[in-house]
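Ligands are counted one by one from 1 in listed order, and the atoms in each one are counted from 1 as well. Numbers here simply count residues along the sequence, with the first being 1. For clarity, every value in this text was computed on a predicted model and none was experimentally measured.
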Amino acid sequence: MNLHEFQAKELLQRYGVPLPFGRLVRTAEEAGEVTYRDFVLRGIQAVVLKAQIHAGGRGKGHMFHAETGEPLLWNGSPVRGVMLVSEGNIADKAYRLALHMLGHRLVTAQTGPAGRRVRFLLIEEALPIAQELYVGITLDRSHRRPLIMVSAEGGVEIETLAAERPEALVREHIHPFWGFQPFQARRIAFRLGLEVSSLPPLTELLQKLSRAYEELDCQLLELNPLVRTSDGRFLALDAKIVLDDNALFRHPEYSSLRDIEEEDPLEAEASRHQLSYVKLDGNVGCMVNGAGLAMATMDMIQLAGGRPANFLDVGGAANVDRIAQAFRTMLSDPNVRVALVNIFGGIVRCDRVAHGIVQALQQIEPRVPIVIRLEGTNAEEAARILANSGLRFRIARTLEEATARIRDALTELEVSPAV
Ligand code: GDP
Ligand code: MN
């Protein structure tokens, strides 16, 4: 589960991680008032307006008008997802700039061309930045421990840095029992060539971060950048947290942090029906029971030259409602040109699944060819049910047959099945 930057910072604040002073606003009026009352009156001369969306790359992203689609400009330059406001009447500027951000679309390298609508802005004091660093903590599965990675070159695309100059990223594993140790922080600082005066604040910050990572049940905790200010302080300028979905049951308090509007609507709808659905960008919709079979099915489609439009696991208890919802989810993706149902009747019997499919398709009009492979308990009866249903299916007995049917269907539709 992804969090917004302001939510990640609220959580980190509880662990004493140093942060810039900030306030969240939802309207332009509020942006102006808050900038005046909470910043100007406290002697803060410059603020940063930060669009809150579930995607990074905001600093380099562009704002587009929600209705007209035109790029938004500020003094002749593009409005970006992170804007510095300094000099003159900063409250008035924050108000006018917020009008160019709130309600409009932010497109970044991570959002795709459609972008995301900006519904909140985080206003923060602007800091005098001397250096931008990177810190990330994630689980290293091959070592079975969390891994902390730090670089003295933050602010940039960290994937690019890791690929091009891996030595610039210093790594330490965190012992699950002892936790992150001060000597490890010193080792990181020395390897990065930081000054000795940086050691105490950096050590303290990294220890707080690793505690937060552990106790909050994060899958990823990332500060990009972590900054050193000209007066020698270290602060989390940006924060990204991905919570581990498998640990959500331990944190009922996290349910209020979920932002459904930021999630893929199909994925959110599917998760409400306990379907495990991940949208992909191919054209063959797949409905499968069991994650292993789903992976194998996707591989087969790929091998046959098709591209899966989704991962969709209906789970063991595939009743009519589930199957109907699964069809609805799969078919509401406009990219789907052919649908494949590949279900193994182990716990759930094939005849019941066949009834489910027929009933589901009486509720929703299938607009694409459907290839069905039902194998396992009562498979013959299932075949009879499908044949007598009056609906047109393309039946396959084996996975190879299924992929051949998919290829035929794509060829008939004049969609090139080859990648
Ligand atoms: P991202 O682009 O979505 O990762 O958003 P960030 O929060 O990382 O901000 C992008 C960039 O904006 C940072 O790398 C900084 O260079 C700049 N920035 C953000 N806040 C401040 C600030 O308070 N002062 C200054 N000078 N620059 C800032
Ligand atoms: Mn960032």
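Nearest to atom 5 (O) of ligand 1 among the protein's heavy atoms is Arg58 NH2, 3.2 Å. Ranking protein heavy atoms by distance to atom 2 (O) of ligand 1, first place goes to Gly59 N, 2.8 Å. Residue, atom and distance of the protein heavy atom nearest to atom 9 (O) of ligand 1 are Val82 CG2, 3.8 Å. The single protein non-hydrogen atom nearest to atom 14 (O) of ligand 1 is Glu132 OE1, 3.1 Å, given as residue, atom name and distance. When only non-hydrogen protein atoms are considered, atom 19 (C) of ligand 1 lies nearest to Leu237 CD2, 3.5 Å.
Within a 4.0 Å radius of atom 22 (C) of ligand 1, the protein has at least one heavy atom.
The local environment of OH in Tyr36 is sparse, with at most 12 non-hydrogen atoms from other residues, nucleotides or ligands closer than 6.0 Å. For Glu267, the CD atom is densely surrounded, since the number of other residues' heavy atoms within 6.0 Å is greater than 12. The neighbour count for Glu253 CD, taken as heavy atoms of other residues, nucleotides or ligands under 6.0 Å away, is above 12.
Shortest distance from the Mn ion (ligand 2) to Asp238 is reached at OD2 (N/O/S atoms only).
In terms of polar-atom proximity, defined here as any N/O pair under 3.5 Å, Glu5 makes no such contact with ligand 1. Residue contacts with ligand 1: Val48 is placed with no nitrogen or oxygen under 3.5 Å of a nitrogen or oxygen of the ligand (distance criterion only). Backbone and side-chain nitrogen or oxygen atoms of Leu127 are examined, and one is located within less than 3.5 angstrom of a nitrogen or oxygen of ligand 1.
Closest approach of Ser197 and Pro201 over heavy atoms only: O-CD, 3.5 Å. Taking both residues in full, the closest heavy atoms of Cys286 and Ile301 are given as SG-CD1, 3.5 Å, listed atom of the first, atom of the second, then distance. When every heavy atom of Leu121 is checked against every heavy atom of Ala98, the shortest pair comes out as CD1-CB, 3.7 Å. The minimum heavy-atom distance linking Tyr277 with Ala270 is given by the pair CB-CB, 3.5 Å. The two residues Ala66 and His104 have their closest heavy-atom pair at N-ND1, 3.0 Å.
At a heavy-atom distance under 4.0 Å, no atom of Leu84 approaches ligand 1. Using a 4.0 Å cut-off between heavy atoms, Lys60 makes no contact with ligand 1 at all.
Among Arg191, Gln181, Arg145, the one residue that satisfies the side chain to side chain donor-acceptor pair (under 3.5 Å) test with Glu172 is Arg191.
Ring planes of His251 and Tyr254: parallel class, angle under 30° (limits at 30 and 60°).
Within the 3.5 Å criterion, the main-chain N or O of Phe344 finds a donor-acceptor partner in the side chain of Asn289.
Contact atoms of ligand 1 toward Pro225: 8 (O), 14 (O) (distance under 4.0 Å to a heavy atom of the residue). Within ligand 1, the atoms closer than 4.0 Å to a non-hydrogen atom of Gly56 are 3 (O), numbered from 1 in the order shown. Atoms of ligand 1 lying under 4.0 Å from at least one heavy atom of Glu125, given by number and element, are 23 (O). Close approach to Lys50 involves these atoms of ligand 1, each under 4.0 Å from a residue heavy atom: 6 (P), 7 (O).
The residue among Ile129, Val227, Asp238 with a heavy atom at the shortest distance from atom 25 (C) of ligand 1 is Ile129.
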